[in-house]
Each structure stands twice: as C-alpha cells, then as structure tokens.
Asker: 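So that we are looking at the same thing, I have put the structure below in structure tokens.
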Amino acid sequence: MIIKILGTGCKKCVQLGENTEVALKELGRKAEVVKVTEIPAIMAYGVMSTPALVIDEKVVSAGKVLKPKDIVKILEK
C-alpha cells in the first residue's frame with residue numbers, strides 16, 4: 001500500500017501526515033507514506049485544495065485534515 005500526502009508542506013499537510021501514521025499504527029499496518037509537494041504533481045491528481053490523501057493512487061480526501069479515526073475507517077474499507 002502506498003499512501004501519498006499531497007500538499008506544499010504547510011502545517012495542515014504535516015498534521016495529515018502525522019494523523020496517517022497514527023492510523024496505520026492503530027491498525028498495525030505498514031504502508032509507504034510519500035509526501036508530494038510539487039504543485040504540478042498535486043494538480044495531476046485533480047486536487048485543487050490541500051492537504052489531500054491518496055491511497056493506492058485514489059484520492060480519498062482533499063481540502064481537510066482528517067482525524068486518525070477517520071483515516072482508520074478509510075483504510076478498513
């Protein structure tokens with residue numbers, strides 16, 4: 001599983017990355033977490049507001065910081 005955090009490195013983007021790590025730890029799962037900070041790469045996903053969360057190349061959230069429990073729900077699907 002590859003999880004990408006799309007964002008330019010702002011506070012909200014960093015928080016989404018941390019919340020994703022917490023969610024993975026809670027589930028006992030391992031995943032490669034990649035931070036995508038280049039604007040053209042972010043736009044290639046069709047994301048207009050960051051932070052965004054991409055799991056296995058599918059955008060699952062954009063424009064908000066998900067709480068760890070919300071990320072757990074997404075990962076359990």
Side-chain angles (χ1 to χ4, degrees):
M1 177 186 307
I2 299 174
I3 299 174
K4 295 181 180 178
I5 309 296
L6 309 184
T8 56
C10 66
K11 185 177 176 183
K12 289 182 179 181
C13 301
V14 171
Q15 186 63 55
L16 181 60
E18 291 172 359
N19 291 354
T20 301
E21 296 286 354
V22 169
L24 287 168
K25 203 172 283 186
E26 281 182 23
L27 288 171
R29 286 198 186 166
K30 294 209 181 285
E32 181 181 350
V33 179
V34 179
K35 291 179 175 57
V36 178
T37 59
E38 299 294 322
I39 301 289
I42 293 169
M43 290 177 69
Y45 284 94
V47 171
M48 300 309 277
S49 59
T50 59
L53 184 66
V54 177
I55 299 175
D56 291 332
E57 295 304 309
K58 182 179 177 218
V59 178
V60 296
S61 173
K64 58 184 172 185
V65 178
L66 295 174
K67 292 181 169 67
K69 66 178 180 160
D70 298 323
I71 299 169
V72 166
K73 288 178 188 172
I74 292 169
L75 291 172
E76 287 179 329
K77 289 182 183 177

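These numbers come from the heavy atoms of this one structure, side chains and all, not from hydrogens, waters or symmetry mates.
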Asker: Starting from Ile42 and following side-chain heavy-atom contacts under 4.5 Å between hydrophobic residues (I, L, V, M, F, W, Y), which residues can be reached?
Answerer: Ile2, Leu6, Val34, Val36, Tyr45, Val47, Val54, Val59
Asker: Holding to salt bridge (charged side-chain N to carboxylate O under 4.0 Å, His left out), I want the full list of residues that pass it with Glu32, two or more places apart in sequence or in another chain.
Answerer: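 None.
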Asker: Just distance, no hydrogens or angles: give the donor-acceptor pairs under 3.5 Å from side chains in residues 8-20, sequence neighbours left out.
Answerer:
from, atom 1, to, atom 2, distance (Å)
Gln15, NE2, Asn19, OD1, 2.8
Asn19, ND2, Leu66, O, 2.8
Thr20, OG1, Leu16, O, 2.8

Asker: Each residue besides Met48 in its hydrophobic cluster should be listed here, by chain and number; the cluster joins Ile, Leu, Val, Met, Phe, Trp and Tyr at side-chain heavy-atom distances under 4.5 Å.
Answerer: none
Asker: With a 6.0 Å cut-off (strictly less than), is the heavy-atom count around CE of Met43, excluding the residue itself, greater than 12?
Answerer: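 No, the 6.0 Å shell around CE holds no more than 12 heavy atoms from other groups.
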Asker: If two hydrophobic side chains count as joined below 4.5 Å and joins carry through other members, does Val22 share a cluster with Leu75?
Answerer: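 No, it is not one cluster - the side chains of Val22 and Leu75 are not joined through contacts under 4.5 Å.
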Asker: Working note: Val33 + Leu24, criterion side chain to side chain contact (heavy atoms under 4.5 Å, CB included); need CA distance, chi angles, decisive distance, verdict.
Answerer: CA-CA 10 Å; Val33 179; Leu24 287 168; 3.8 Å; yes
Asker: Is there any salt bridge (Lys or Arg N to Asp or Glu O under 4.0 Å) pair reaching into residues 53-70, and which pairs are they, with sequence neighbours excluded?
Answerer: Lys4-Glu57
Asker: Are the side chain of Arg29 and the backbone of Met1 linked by a donor-acceptor contact shorter than 3.5 Å?
Answerer: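 Pair absent, no side-chain N/O of Arg29 close to backbone of Met1.
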Asker: Check whether more than 12 heavy atoms from other residues, nucleotides or ligands sit under 6.0 Å from atom CD of Glu38, and answer yes or no.
Answerer: no
Asker: At their closest point, which heavy atom of Pro68 faces which heavy atom of Ala23, and how far apart are they?
Answerer: O-CB, 3.6 Å
Asker: For the CD1 atom of Ile71 and the CD atom of Glu76, what is their distance to the nearest 0.5 Å?
Answerer: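 The CD atom of Glu76 is 12.5 Å from CD1 of Ile71, to the nearest 0.5 Å.
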Asker: Output all residues satisfying side-chain hydrogen bond (donor to acceptor under 3.5 Å, both in side chains) with Glu26, sequence neighbours left out; order by chain, then residue number.
Answerer: none
